[in-house]
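Data first, discussion second: the structure below is written as C-alpha cells.
Owing to the predicted nature of the structure, the values given are computational and were not obtained by experimental measurement. All heavy atoms count here, side chains included; hydrogens, waters and symmetry mates do not. Lettering of chains follows the sequences in order, A, B, ..., and the numbering in each one begins at 1.
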Number of protein chains: 2
Amino acid sequence: MASELIRTSRATAREGRENAIFEAARSVFAEYGFKGSTTAEIAKRAEIPKANLHYYFPTKEALYRAVTEDVLTAWLEAASSFDESADPAEAIAAYVSTKMDMARQDPIGSRIWASEILRGAPVIGDFLETALLDWLKSRETIVRRWIKAGKLVPMEPRYFFYMIWATTQHYADFEGQMMALNGGKPLSDAQFEAAKTQTIATLLRGVLPSGT
Amino acid sequence: MASELIRTSRATAREGRENAIFEAARSVFAEYGFKGSTTAEIAKRAEIPKANLHYYFPTKEALYRAVTEDVLTAWLEAASSFDESADPAEAIAAYVSTKMDMARQDPIGSRIWASEILRGAPVIGDFLETALLDWLKSRETIVRRWIKAGKLVPMEPRYFFYMIWATTQHYADFEGQMMALNGGKPLSDAQFEAAKTQTIATLLRGVLPSGT
DNA sequence: GATAAGTTTGACCAATCGGTCAATTCTTCT
DNA sequence: AGAAGAATTGACCGATTGGTCAAACTTATC
C-alpha cells in the first residue's frame, strides 16, 4: 500500500553545485516554463553567480534537457508498477497509488511535464510518440484482455488511462488551486491519503463489473 | 446531450483590432505563460505593429488581466450547468458534459487557467479563495445531501470534484500529448464523443450505488 | 612547494524585453 | 472642404536577456 518511491535524490546522480543548479532549475522551469525562466533566476535560487551555472550547463536549453530527461526517467519507473500484478483491480490500484505518490513527492517533475506539453512538447515530443505510445498500446492490450474475460466493464482503455493520468497529475499541477480551497494550506498527509483512497475506489467502481 | 456553449465570440464584446490582439494574446499566454510571453509575439500573431498593441492595452499585465477575466467568466457560466437538475446522475452528467465541451471548444482558456495555477495563481488567486470556494462549498452540501439520501456512495465530495476537474481539464491542457498518441492528429469528433460518454459513464458508475 | 588542472567570478556583450513618443494617417462631424 | 479626434506607426529608450571571457582562486599530484 505504501510507496517505495523515495526520491531523496534525482534519478541522475549529481553532487554539490551541479545538484544545486539542477534543483533550482527544476523549480524555476516548473513555475515559469522554459521561455519564462531565466538563467539569472536559476542561479539566484542555487545561490551561485550566473557565470558559474554556465560552467556546468553550457546553455539554458542544455539545462532544460537535463531536467526533462530526469522527469522522463521517473515516469518510466512509475509505469512499471502497473505490471506487477495479474489482477486488474490490483494493477489499477497499484498504478494509481504510485502515480498519486509521485504527484505528492515530486510535484515539480509533474509540473515540468505539464508545462512542456502546454507549449507543444518540443523536447519530449519524441518520447511521447515512441516510448509512451508503446507503453500505452501494450497496456491497452492487457486491459482489453481483462474486458474480454469479463473482469472489466467494456470500454476504450485509452480514455481510462487518460482519466488516471489526469487525476493523478492534477494533485501535482493544481496544488495551488487545492491550497486556495483548503484555507491556504497544502493537503495534510491524512487528507492526501483520503483523496488517494477515494480516487482509487471511485475508479475501480467505475470499471469493475457490478458483482465484484 | 449536445452543448449549447458556442463561443464564437468571447464573453466580453470586442471588435476589430482589439479583438485580434485579444485572441492573439490568449494563444500566446496559453503557450508560454505570462512571463514567457512577449508583446512582440502577440503583436506578430495579431498582425499589427507592437506600438499599436499598447494603444489598446497599456501594459502586458493589463492585457493578461483582460484575458484572465474572460476565462473566469467562462468558468462561472459552465458551473451553473451543475444546478439544472435535481437528480445526481443527471447533474453530474450535465456538468461533466459541459466541462468536456468547454475543453474541446476553448482549450486555450483552459490552458491559460492551468498556466496561471502553475505559477501560483498571482492573478486569479482571489477568485479561487472566494467565488470558486463558495461554489465548491455549496455544491458539496448538495452532494452530501444526495449521499445521505442514499443516492450516492459515501465519499468526500471535494475529491470527486477534483476528479471531474482534472479529467475535463486534461482534454484541453494535454491535447498535445493526446495528439502524439493519436498518430499526430487531434481527437476526431467521434473519438471525442466516445471519450466524453465513457468518462461520464465511469464517473457515474464510480459514485452511484450498485443497484442503480 | 611548484605546477597543472579544475573551479569560481565580475565585467562585459549583442540581442531582446516592455514601453514611450512624436509624427502620420484615417474617420467623423459640420 | 476642413477641423478635431481617433487610430496607426517607425524610431527609439533603459532594463533585462542568454551567454562569453580572462583573471583569480582551489584542489590534486609530484
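- Tested against A/T199 for a side-chain contact (heavy atoms from CB on, under 4.5 Å), the candidates A/L203, A/T202, A/T197 yield a single pass: A/L203.
- With hydrogens and angles left out, the side-chain atoms of A/D101 and A/Q105 include no donor and acceptor closer than 3.5 Å.
- Closest non-hydrogen pair, B/S115 versus B/G33, comes out as OG-CA, 3.2 Å.
- Rounded to whole Å, the distance from CD on B/E41 to P on C/dG18 is 11 Å.
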Task: Full working for side-chain hydrogen bond (donor to acceptor under 3.5 Å, both in side chains) between B/Y162 and B/E156 - done: CA-CA 11 Å; B/Y162 287 171; B/E156 176 58 47; over 6 Å; no
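- For the pair B/I21 CD1 and C/dG19 C1', the interatomic distance rounds to 14 Å; values are reported in whole Å.
- Between the CD atom of B/E47 and the P atom of D/dT9 there is a distance of 12 Å, given to the nearest Å.
- Residues of residues 52-59 of chain B having a heavy atom closer than 4.0 Å to DNA chain D, listed by number: B/N52, B/Y55, B/Y56.
- Atoms CD1 (B/I48) and P (D/dA7) sit 13 Å apart, rounded to a whole Å.
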Could you list, one pair per line, each protein nitrogen or oxygen that sits under 3.5 Å from a nitrogen or oxygen of nucleotides 21-26 of chain C, together with the distance?
none

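- Using a cut-off of 4.0 Å between Lys/Arg side-chain N and Asp/Glu carboxylate O, B/E69 and B/R65 are scored as not salt-bridged.
- Of the residues A/R104, A/K185, A/R111, the one that meets the salt bridge (charged side-chain N to carboxylate O under 4.0 Å, His left out) test with A/E175 is A/R111.
- For A/W75 and A/W135, the distance between ring centers is under 6.0 angstrom.
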Strictly under 3.5 Å: I want the nitrogen or oxygen pairs between protein and nucleotides 12-17 of chain D, one per line.
none

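- Among all heavy-atom pairs drawn from B/S85 and B/W146, the shortest one is O-CZ2, 4.5 Å.
- Using a 4.0 Å cut-off, no side-chain N or O of B/R17 falls inside it from OP1 or OP2 of D/dA7.
- In this structure, A/K137 does not pair ionically with A/E140, as no charged nitrogen and carboxylate oxygen lie closer than 4.0 Å.
- Here A/E31 pairs with A/R45 in a salt bridge; the nearest charged N to carboxylate O distance falls below 4.0 Å.
- Remark: C1' of C/dG18 and OH of B/Y64 are 17 Å apart, rounded to the nearest angstrom.
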Task: CA sep, side-chain torsions, deciding dist, call: B/K44, B/E47, salt bridge (Lys or Arg N to Asp or Glu O under 4.0 Å) - done: CA-CA 5 Å; B/K44 191 180 159 196; B/E47 297 179 321; over 6 Å; no
